[in-house]
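This report refers to the structure that appears directly beneath it.
Chain A is the first sequence line, chain B the second, and so forth, proteins listed ahead of strands; every chain is numbered from 1. What you see is a predicted model; the values in this text were computed from it and never measured.
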Protein chains: 4
Amino acid sequence: MKSDGSTETTSVRREGPKRSEASRQAILSAAREELIEHGWRSFSPDRLSRRAKASKQTVYRWWPSVAAIAIDAAISMIDEPVIKPEEPVDVQLAAFIEPFSELARVGDGAHLLRSALLAASDDPAAGEIFRTWFNNTIRKPMKNVLAQAASKGRIRRDYDPDAVCETLFGAVWHRLILMRGPLPHVLAMKSAQAVLASLRP
Amino acid sequence: MKSDGSTETTSVRREGPKRSEASRQAILSAAREELIEHGWRSFSPDRLSRRAKASKQTVYRWWPSVAAIAIDAAISMIDEPVIKPEEPVDVQLAAFIEPFSELARVGDGAHLLRSALLAASDDPAAGEIFRTWFNNTIRKPMKNVLAQAASKGRIRRDYDPDAVCETLFGAVWHRLILMRGPLPHVLAMKSAQAVLASLRP
Amino acid sequence: MKSDGSTETTSVRREGPKRSEASRQAILSAAREELIEHGWRSFSPDRLSRRAKASKQTVYRWWPSVAAIAIDAAISMIDEPVIKPEEPVDVQLAAFIEPFSELARVGDGAHLLRSALLAASDDPAAGEIFRTWFNNTIRKPMKNVLAQAASKGRIRRDYDPDAVCETLFGAVWHRLILMRGPLPHVLAMKSAQAVLASLRP
Amino acid sequence: MKSDGSTETTSVRREGPKRSEASRQAILSAAREELIEHGWRSFSPDRLSRRAKASKQTVYRWWPSVAAIAIDAAISMIDEPVIKPEEPVDVQLAAFIEPFSELARVGDGAHLLRSALLAASDDPAAGEIFRTWFNNTIRKPMKNVLAQAASKGRIRRDYDPDAVCETLFGAVWHRLILMRGPLPHVLAMKSAQAVLASLRP
DNA sequence: CGCTAACCGAGACGGTACGTCTGGTCTTCTT
DNA sequence: AAGAAGACCAGACGTACCGTCTCGGTTAGCG
């Protein structure tokens, strides 16, 4: 997630005070608490600014929408997947899901995650933020893993990488959003193995 | 959208201290329009009752929550899946997805569907309504189909029916909720075949 | 306050296509309680009919407005003044005020009286009902008393009867409506004597 | 009715986190119109804020109750009585009533006045506001006038100042609230003279 | 070292929505 | 025909929230 944008080397002179990092953190932190307590539909800038002891002006100055805050707040809690090329393919695929199920397991992480996904779905612009992040963090690396596997002959050559991604994460959304069920540790491996089973060369 | 509407012989009839079917239909119809125009987060009982020319009292009298209305409004647009036991298993499985992708293809059906899913996720009680419907309409019949297929030796005996359901519909949710992408006609068959490929005996 | 209530030997009898006296009494009685509890501005036909176990239809059928009910409910509690021609003029004049201050002294009578006066003032039509009653019960008899007194030479011949009435009851309204003060027993006599003092022949 | 209104040089200025005087005036002005058009019982914060183009929040922020607004709106239209000690006592007493009958004579002033009095009677807290104003503006100054007159031997020494006030204004209330009659110019002097007649030394 | 500009918390503003209660009307069923 | 019951549309209730605006104070860096 692009948070501050410190690359302003060109002509746009930023005179005077700079963005308060303390305020930014307070708002994101308050956002997490608010999303967990009240959910996405009742996520209100008013309560947010009150809880963060920040003025509404400050909130509106730095985020394009409340949905963007929700996504920002949640994404910053999801670790980057750690892929080790030397491991078997199923383990590598499962590694993409791990950060999600890990967050969903601790405390009210599932609620936070769900709220952010709802925000991404509700607000098209904010959804674009999420999709960009998802593409960079999940979809592209996964494509690489699959390409590698295919070149080694582990899976069929006529596989559809997007369909694989869809299937793997579809199960996550199904449990998280619709079923409000848990994301047990084994889910990642079971999904990965099922997908691979359908891709046997 | 309007299914019967045949009773409107005179101008605007009221039928006394019984629930008015005309009012119910007007509210559901207005709900569909509101969800499509404004989305779930801005789905307001105020605007709904104004559009339906119904009093808010009437809305609150007959539905436990706005989320319940959203789900009611969407579910009533989803046709029951038509399963023909004599057809191949992949066709039967695809038939469960068909009603969804069919609705998503016409007009703003996708938006309506997405809004209802958000409602189901936002409001736990309303989510229960959706889950009950999903269980009766999709999950249980699908279990029967799978059991039949297993008894005929078409698929492995150690299959997990919930995982199959999860995988099949996960792709739908992924496209509908997160990617805001289309649900092309072939998706149903492709998903069904991929799932079956992983269940080869 | 409950005037009949004795006929309720069986449960709740209904007596067909005549106006139900039981219903009328129940409504008036409930009206008194409602006016005392909630005051005029919050006097609601809804609560009234609920408390009286009468349908709103019945209320609207027999009274032209809620204000009329309030006045009806209060007036029926005010005794007719008892005038004895053989007594001194000041006693006779004071006798007109007595029923008011008597009602105001018992329980929440002052509140009931005040509410009815507000109703009479708020609703012009209902005000007319009150004025008619006041004219017949107070103003005309008082005029007779004054004419008698004048013919006996007790007061000046150029008195203005309406001004006398106005002065006597003005003090009552002042205390009752604006000051929310008590109407002590001596007030009637003091007012009467003050008025007479200004009419000495 | 509009007293200054001169500050509106630019279109509609807002002046930040201080109370907006423009808003206050708009609300009081709208309140006067609403009270005249609909009376006290139908005086609704909803319509008031709509007419004043002010938000309901703003109304509730600055007034403790709707009744308080009604009283504020009316009182601000009643001029302070102008008492000249060198004039006869009856003229001085009449001067207290003059501002009331003056307001009642112009346009719908009587309706406005009546509505405010009903508000004062309906709401005990708001009534207290009115009583405080009445005490400071009418009762205390009148006591001074009477004390002066008594010390000069114009009236009896054993007069009751509250009874005098009650009698003088009782006639006003009687006409204004109950009889819905006019407050002719002569009323003030006639009442004053009648009261004084009963106080002859 | 004072000026200026962007920052910040605070909060008033006109609006809209919340879920509940009420106002009058109407309809059905019961007596 | 009268009455109890209650559904209906309309809209008021007081509170909470929306996004915009203005205030007064603070802080950086340029002149």
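Residue Thr58(C) has a polar side-chain atom (N or O) positioned under 4.0 Å from OP1 or OP2 of dA4(F). Residue Arg61(C) has no polar side-chain atom (N or O) positioned under 4.0 Å from OP1 or OP2 of dA2(F). Between Trp62(D) and dC13(E), a side-chain N or O to OP1/OP2 separation shorter than 4.0 Å is present. Checking the phosphate oxygens (OP1, OP2) of dC18(E), a side-chain nitrogen or oxygen of Ser44(B) falls inside 4.0 Å. Contact annotation: Ser23(A) does not reach the phosphate of dC7(E) (side-chain N/O to OP1 or OP2, under 4.0 Å).
Within residues 46-53 of chain B, the residues having any heavy atom closer than 4.0 Å to DNA chain E are, in order of number, Asp46(B), Arg47(B), Arg50(B). Residues from residues 64-76 of chain D that place a heavy atom under 4.0 Å from any atom of DNA chain F: there are none. Applying a 4.0 Å cut-off to non-hydrogen atoms, none of the residues of residues 114-123 of chain D approaches DNA chain E.
With sequence neighbours excluded, no residue satisfies side-chain hydrogen bond (donor to acceptor under 3.5 Å, both in side chains) with Ser42(C). Partners of Arg47(D) under the salt bridge (charged side-chain N to carboxylate O under 4.0 Å, His left out) rule, at least two apart in sequence or in another chain, are Glu34(D). Annotation: side-chain hydrogen bond (donor to acceptor under 3.5 Å, both in side chains) contacts of Thr58(C) (sequence neighbours excluded): Ser55(C). With sequence neighbours left out, Arg24(D) forms a salt bridge (charged side-chain N to carboxylate O under 4.0 Å, His left out) with Glu21(D). Residues meeting the side-chain hydrogen bond (donor to acceptor under 3.5 Å, both in side chains) test with Lys53(B), sequence neighbours left out: none. Residues forming a side-chain hydrogen bond (donor to acceptor under 3.5 Å, both in side chains) with Gln57(C) (at least two apart in sequence, or on another chain): none.
Contact check on Glu37(A) versus Arg51(A) returns a salt bridge, with a Lys/Arg side-chain nitrogen under 4.0 Å from an Asp/Glu carboxylate oxygen.
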Check residues 124-132 of chain D and write down every donor-acceptor pair under 3.5 Å in which the side-chain atom is one partner and the other belongs to a residue at least two apart or another chain.
unit_1    : atom_1 : unit_2    : atom_2 : d
Glu128(D) : OE1    : Arg131(D) : NE     : 3.4
Glu128(D) : OE1    : Arg131(D) : NH2    : 3.2
Arg131(D) : NH1    : Leu178(C) : O      : 2.5
Thr132(D) : OG1    : Glu128(D) : O      : 2.8

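Annotation: of the two residues near DNA chain E, Lys56(B) and Ala54(A), the 5′-most nearest-nucleotide partner is Ala54(A).
Pairs engaging residues 54-74 of chain C under the salt bridge (Lys or Arg N to Asp or Glu O under 4.0 Å) rule: Asp46(C)-Lys56(C) [sequence neighbours left out]. Identified under the salt bridge (Lys or Arg N to Asp or Glu O under 4.0 Å) test for residues 116-125 of chain A, with sequence neighbours left out: none.
The distance from atom CH2 of Trp63(C) to atom P of dG24(E) is 15 Å, rounded to the nearest whole Å. Atom-to-atom, CD1 of Ile27(A) to P of dC7(E) comes out at 13 Å; the value is rounded to the nearest Å. Between the CD atom of Glu21(C) and the C1' atom of dA2(F) there is a distance of 15 Å, given to the nearest Å. What separates CD of Glu34(A) from C1' of dC17(F) is a distance of 13 Å, to the nearest Å. The distance between atom CD of Gln25(A) and atom P of dC8(E), rounded to the nearest whole Å, is 14 Å. In this structure, Arg24(B) places its CZ atom 17 Å from C1' of dC8(F), rounding to the nearest Å. Between Lys18(D) atom NZ and dA12(E) atom C1' the separation is 11 Å, expressed in whole Å. Going from atom CZ of Arg41(A) over to atom C1' of dC17(F) covers 13 Å, rounded to whole Å.
For the atom pair CG (Leu48(A)) and CD1 (Ile27(A)), the distance works out to 6.5 Å, reported to the nearest 0.5 Å. Here the CD1-OG distance, from Ile71(B) to Ser115(B), works out to 11.5 Å after rounding to the nearest 0.5 Å.
Within 3.5 Å, a donor on the side chain of Gln57(B) pairs with an acceptor on the base of dC21(E), or the reverse.
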